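A short worksheet on the structure shown next.
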Amino acid sequence: MNDEESRWLSPIEQRAWRTHLAAHKLLDHRLDRELQPFGLSVNDYEILVNLSETTGHRIRMSDLADATIQSRSRLSHQISRMEAAGLVARETCEDDRRGTFAVLTEHGWDTIQKVAPHHVASVRQHFIDLLTDEQLHELETAYAPVVEHLKSLR
């Protein structure tokens, strides 16, 4: 594609795109910093949440990679770090020896129980409470087609 074929962003499109990038990066950075005193990153927390919400607090590693939008190799490294911290364990799938489960440990369950109220308060303070219900609905509506489009490409 050459310059003549490029559809450059209009001023409003560029402002919206840059505002989205800044909000995403700044919010992610702030939430990550507020999880540090608990020895967690945003990625660690997301994994703990996913495990805490599954039956038996276990999920196939491949499904967890999809749920957290990570490559399988990146997730494997992440799980190794979390295993070393005693938050999760790996177990072989009984019905498929090639498959592996990530399992929430008792320490991991205690951690998510302790950290969740602080994290929710941070999400409220830095995101939810800054917007009206109407703005939250508009945001959800605006992002839904983007999410669906990107999911279809995976």
Side-chain angles (χ1 to χ4, degrees), residues 15-154:
R15 285 192 310 273
W17 175 243
R18 289 184 177 175
T19 300
H20 159 77
L21 289 176
H24 174 75
K25 288 178 182 180
L26 288 165
L27 182 59
D28 200 47
H29 177 73
R30 170 54 44 197
L31 295 176
D32 203 57
R33 286 192 61 186
E34 293 186 6
L35 286 168
Q36 284 177 359
F38 300 100
L40 299 175
S41 67
V42 169
N43 289 336
D44 295 334
Y45 185 82
E46 182 181 19
I47 288 168
L48 293 177
V49 166
N50 273 274
L51 288 170
S52 74
E53 293 175 344
T54 59
T55 303
H57 296 166
R58 67 180 49 235
I59 188 172
R60 282 182 177 270
M61 289 283 287
S62 57
D63 293 337
L64 184 58
D66 291 344
T68 59
I69 311 171
Q70 294 187 57
S71 70
R72 282 154 177 66
S73 66
R74 181 168 186 230
L75 177 66
S76 182
H77 291 297
Q78 180 91 28
I79 292 294
S80 292
R81 287 190 299 277
M82 294 177 75
E83 271 185 303
L87 298 166
V88 299
R90 292 180 215 231
E91 292 180 3
T92 303
C93 297
E94 292 296 322
D95 59 336
D96 178 4
R97 294 282 180 208
R98 293 172 297 157
T100 304
F101 282 108
V103 181
L104 190 64
T105 63
E106 189 174 322
H107 175 58
W109 176 250
D110 292 344
T111 299
I112 192 70
Q113 295 283 334
K114 178 177 80 174
V115 176
H118 298 279
H119 182 69
V120 169
S122 292
V123 169
R124 284 197 160 286
Q125 178 185 2
H126 303 302
F127 183 72
I128 299 296
D129 291 346
L130 301 176
L131 303 170
T132 65
D133 286 348
E134 183 179 332
Q135 288 171 317
L136 290 169
H137 177 72
E138 288 172 2
L139 190 62
E140 178 187 15
T141 301
Y143 272 110
V146 175
V147 169
E148 290 308 311
H149 166 73
L150 293 172
K151 279 183 175 180
S152 76
L153 298 177
R154 291 180 58 205

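As the structure is a computational prediction, the values presented were derived from the model and not from experiment.
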Using every non-hydrogen atom in the two residues, find where [X] and [Y] come nearest and quote the distance to one decimal.
X	Y	result
Thr68	Leu75	OG1-CD1, 4.4 Å
Gly86	His107	O-CB, 3.4 Å
Ala142	Pro145	O-CD, 3.4 Å
Met61	Phe101	CG-C, 4.3 Å
Ser76	Arg90	O-NH2, 3.0 Å

Worksheet item: Under 3.5 Å, is there a donor-acceptor pair between the side chain of Asp44 and the main chain of Ser41?
Response: yes
Discussion item. Tell me whether Thr92 contacts the main-chain N or O of Thr100 through its side chain, where contact means a donor paired with an acceptor under 3.5 Å.
Written reply: no
Are more than 12 heavy atoms from other residues, nucleotides or ligands located less than 6.0 Å from atom [atom1] of [X]?
X	atom1	result
Glu134	CD	no
Gln135	CD	yes
Asp129	CG	yes

Worksheet item: Can you name the ring-ring contact (aromatic ring centres under 6.0 Å, His included) partners of Phe127, sequence neighbours left out?
Response: none
Got a second to check how far [X]'s [atom1] is from [Y]'s [atom2], nearest 0.5 Å?
X	Y	atom1	atom2	value
His137	Leu139	NE2	CG	11.0 Å
Gln113	Thr111	CD	OG1	10.0 Å
Ile112	Leu87	CD1	CG	9.5 Å
His77	Gln70	NE2	CD	11.0 Å
Ile69	Asp66	CD1	CG	9.0 Å
Lys151	Glu148	NZ	CD	5.5 Å

Discussion item. Could you tell me if Gln78 and Arg81 have a donor-acceptor pair between their side chains, going purely by distance under 3.5 Å?
Written reply: yes
Worksheet entry | Aromatic plane relationship, His57 with Trp109 - under 30° parallel, 30 to 60° tilted, over 60° perpendicular | parallel
List, one per line, each side-chain donor-acceptor pair under 3.5 Å for residues 47-54, sequence neighbours excluded.
residue : atom : partner : partner atom : Å
Asn50   : ND2  : Glu46   : O            : 2.8
Ser52   : OG   : Leu48   : O            : 3.4
Ser52   : OG   : Val49   : O            : 2.8
Thr54   : OG1  : Leu51   : O            : 2.9
Thr54   : OG1  : Arg58   : N            : 3.1
Thr54   : OG1  : Arg58   : O            : 3.1

Discussion item. Between His20 and Tyr143, does the ring pair (Phe, Tyr, Trp, His ring centres under 6.0 Å) criterion hold? Intermediate values first, please.
Written reply: CA-CA 11 Å; His20 159 77; Tyr143 272 110; 5.6 Å; yes
